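The structure presented is a predicted model; accordingly, all values stated were derived computationally and were not measured. Chain naming here is simple, since letters A, B, ... match the order of the sequence lines and numbering starts at 1 in each.
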Amino acid sequence: MQIYLPIAEMTVNVLLILGMGSVIGFLSGLFGVGGGFMMTPLLIFIGVPPAVAVGTQANQLVAASVSGVLAHSRRGNVDFRIGVVMIAGSTVGTVLGVWVFGILQRMGQIDLVISLSYVITLGIIGGLMLVESVRTIFRTRRGTTPRHKLHRHTWAHGLPFKMRYPRSRLYISALLPLSVGFLGGLMVAIMGIGGGFFLVPAMIYLLGMPASVVAGTSLFQVIFATGIATFLQATQNQTVDVVLALLLLAGGVIGAQFGSKAAEKLRGEQARAMLAVIVLTVCANLFYELVSQPDDLYEITITERGI
Amino acid sequence: MMAGLARWIGLIAVAMVITVSSPARALVADLSEHLIAITTGFTGDEVVLFGAVEEPGDVVVVVRGPTETIMVRRKERFLGIWVNRASARFERAPSYYAVAASRPLEEIASPPILDRHDIGLENLDLRPVDWESMDDDEIVSFRDSLIRRKQFAGTYGIEIEPVSFLGSRLFRTRLAFPDNVPTGQYLVSVFLLSDGNVTAAQTTPLSVRKVGVGAEIFLFAHGSPALYGILAILVAITAGWLASLPFRRP
């Protein structure tokens with residue numbers, strides 16, 4: 001069954017898109033990340049123009065995050081207070097990111113910057129996640145889990161504007177969730193992803209939030225970041241294809257529900273190790289494309305269209 | 001199958017009527033349709049061009065889409081990675097271009113004649129905006145790359161399609177358009193050549209338009225982008241909420 005996408009201006013197979021949506025949706029529900037970092041390269045691979053892939057992906061992530069947050073908030077796993085502080089940061093990041101996106105696009109360097117930021121962030125986060133989770137897996141096997149201190153004092157606790165977050169049992173500077181949100185917002189705008197794979201570890205290790213509330217809170221924040229990105233992409237570049245977004249989210253939201261069910265049966269460190277392998281695979285793939293000689297050194301972009 | 005056959009008989013009948021009723025014109029041609037409607041299930045379309053000539057000769061058909069501005073960029077290796085460096089801007093390039101001919105072009109006419117009428121990709125008038133400051137090799141490589149990338153995308157024809165004659169006076173050709181055909185007003189030019197010279201020419205318009213829901217969405221997205229953006233978000237929120245309902249615990 002074929003369907004014509006009015007904004008992407010191409011015909012795609014409905015079942016292919018639904019299938020892609022549900023597989024990525026399942027993985028995103030399983031790991032508590034949006035899955036954008038897998039979906040955006042996939043969409044470009046099947047021929048969707050990169051700008052449309054990024055814009056549409058933002059729209060699709062709104063739906064996936066809403067359904068994810070609802071599932072998590074029913075279990076009380078969302079810290080709305082820290083989420084709101086992060087949203088303030090991510091709003092600034094998203095607006096700034098879309099502005100930079102436009103400049104890079106005019107310079108013809110946006111594809112390179114997208115690829116580079118993928119390689120760098122995926123590489124660092126995937127690597128760290130793999131090391132940490134493998135270490136935990138071995139420790140639990142040996143049964144020598146070191147006792148965690150209830151509270152460790154670091155430089156971060158010396159920062160001003162401290163706020164209390166009862167749900168996460170934290171008393172930290174508002175600057176921390178603000179800057180985590182800011183970086184997440186930049187990622188939404190420039191990489192067309194929710195940034196969950198960055199937010200989740202950042203919230204655990206940088207903010208020290210309990211793992212149980214991290215996925216839900218990150219998704220809550222992502223709703224707003226992707227919502228703003230959708231609006232900016234739609235108004236500035238007209239690159240949001242609602243037909244494509246609806247197909248992706250039809251598969252995605254259902255996949256995500258099954259994924260978050262499956263997540264309950266999976267140990268945290270196992271899930272993180274699997275996610276790390278996926279992240280590093282995508283990273284290696286993109287890195288290879290950057291360094292290997294392209295089939296055609298030339299590329300064309302249509303900058304203005306006639307009638 | 002029967003419908004196709006009936007259409008054929010109809011076309012031939014029309015072509016015959018045209019030949020009989022207008023003996024004064026050296027060339028008459030028309031399209032089976034003047035509108036390519038891009039609907040929700042659009043997977044490309046085919047239009048039949050048919051016509052008649054008064055005197056025997058060669059027929060060449062050139063299909064041109066509306067013009068567009070194209071940036072061509074070349075990658076170079078920089079610190080181990082491939083980066084866009086040099087670029088050239090082409091204004092007024094056809095968004096779509098295809099040629100059909102009754103014989104290979106080089107047998108039909110000399111390069112100056114083909115060049116004058118923009119027949120064939122190598123004779124297409126394509127020059128970068130600042131061609132005066134570029135050396136010839138650069139111009140040629142950017143121009144060739146533009147054509148190669150457009151052919152790769154399917155919007156410039158790769159081969160010269162055949163124009164076939166039914167007898168010595170009736171001719172027809174099929175113009176196939178891909179699913180990513182650019183929208184807008186097309187011009188289909190039909191040339192009659194004899195002894196290497198154009199003796200008659202006729203131009204027929206062809207419109208490529210989105211119709212139905214797809215057209216509505218496209219117009220909405222470009223006409224009121226802010227409202228479109230807000231609605232896209234609301235649709236996504238609703239869809240996310242609806243999808244979570246069946247999984248709600250009692």
Asks: Below 30° counts as parallel, above 60° as perpendicular, anything between as tilted: where do the rings of B:Tyr96 and B:Phe177 land?
Replies: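 Rings of B:Tyr96 and B:Phe177: tilted, 30 to 60°.
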Asks: Heavy-atom cut-off 4.5 Å, strictly under: side chain, backbone, both or neither for A:Ile3 against chain B?
Replies: both
Asks: Given a strict heavy-atom distance threshold of 4.5 Å, which part of A:Leu116 is in contact with chain B: side chain, backbone, both, or neither?
Replies: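 A:Leu116 touches chain B through side-chain heavy atoms alone.
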Asks: Chain A heavy atoms under 4.5 Å from B:Leu242: which part of the residue, side chain, backbone, both or neither?
Replies: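 No part of it gets close to chain A.
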Asks: Hey, which of B:Asn84, B:Val72, B:Asn180 has the most heavy atom pairs under 4.5 Å with chain A?
Replies: B:Asn84
Asks: What part of A:Gln236 gets within 4.5 angstrom of chain B, counting heavy atoms only: side chain, backbone, both, or neither?
Replies: neither
Asks: Is A:Asp111 close to chain B through its backbone or its side chain, or both, or neither, when contacts mean heavy atoms under 4.5 Å?
Replies: neither
Asks: Below 4.5 Å from any heavy atom of chain B, which atoms of A:Leu290 appear? Answer side chain, backbone, both or neither.
Replies: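 For A:Leu290, the contact with chain B is made by backbone and side chain together.
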Asks: Testing B:Leu126, B:Leu124, B:Val63 for side-chain contact (heavy atoms from CB on, under 4.5 Å) with B:Tyr97, which one passes?
Replies: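 The option that passes is B:Leu124.
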Asks: Answer with side chain, backbone, both or neither: which region of B:Thr43 has an atom nearer than 4.5 Å to a non-hydrogen atom of chain A?
Replies: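 Looking at B:Thr43, backbone and side chain both touch chain A.
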Asks: Among B:Ala232, B:Ala215, B:Ala88, which residue forms the greatest number of heavy-atom pairs with chain A at distances under 4.5 Å?
Replies: B:Ala232
Asks: Is it the side chain or the backbone of B:Arg148 that comes within 4.5 Å of chain A heavy atoms, both, or neither?
Replies: side chain
Asks: When heavy-atom pairs shorter than 4.5 Å are enumerated against chain A, which of B:Asp179, B:Ile237, B:Thr238 gives the highest number?
Replies: B:Asp179
Asks: Pick whichever of B:Ser224, B:Pro178, B:Ser141, B:Pro182 has the most heavy-atom pairs under 4.5 Å with chain A.
Replies: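 Highest number of pairs under 4.5 Å: B:Ser141.
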Asks: Contact part of A:Val240 toward chain B, heavy-atom cut-off under 4.5 Å: side chain, backbone, both or neither?
Replies: both
Asks: Check the pair A:Phe220, A:Phe224 against ring-ring contact (aromatic ring centres under 6.0 Å, His included), reporting the backbone distance first and the verdict last.
Replies: CA-CA 7 Å; A:Phe220 171 67; A:Phe224 291 84; 5.5 Å; yes
Asks: Please step through side chain to side chain donor-acceptor pair (under 3.5 Å) for the pair A:Glu289 and A:Ser115, ending with a clear verdict.
Replies: CA-CA 9 Å; A:Glu289 274 169 29; A:Ser115 296; 5.9 Å; no
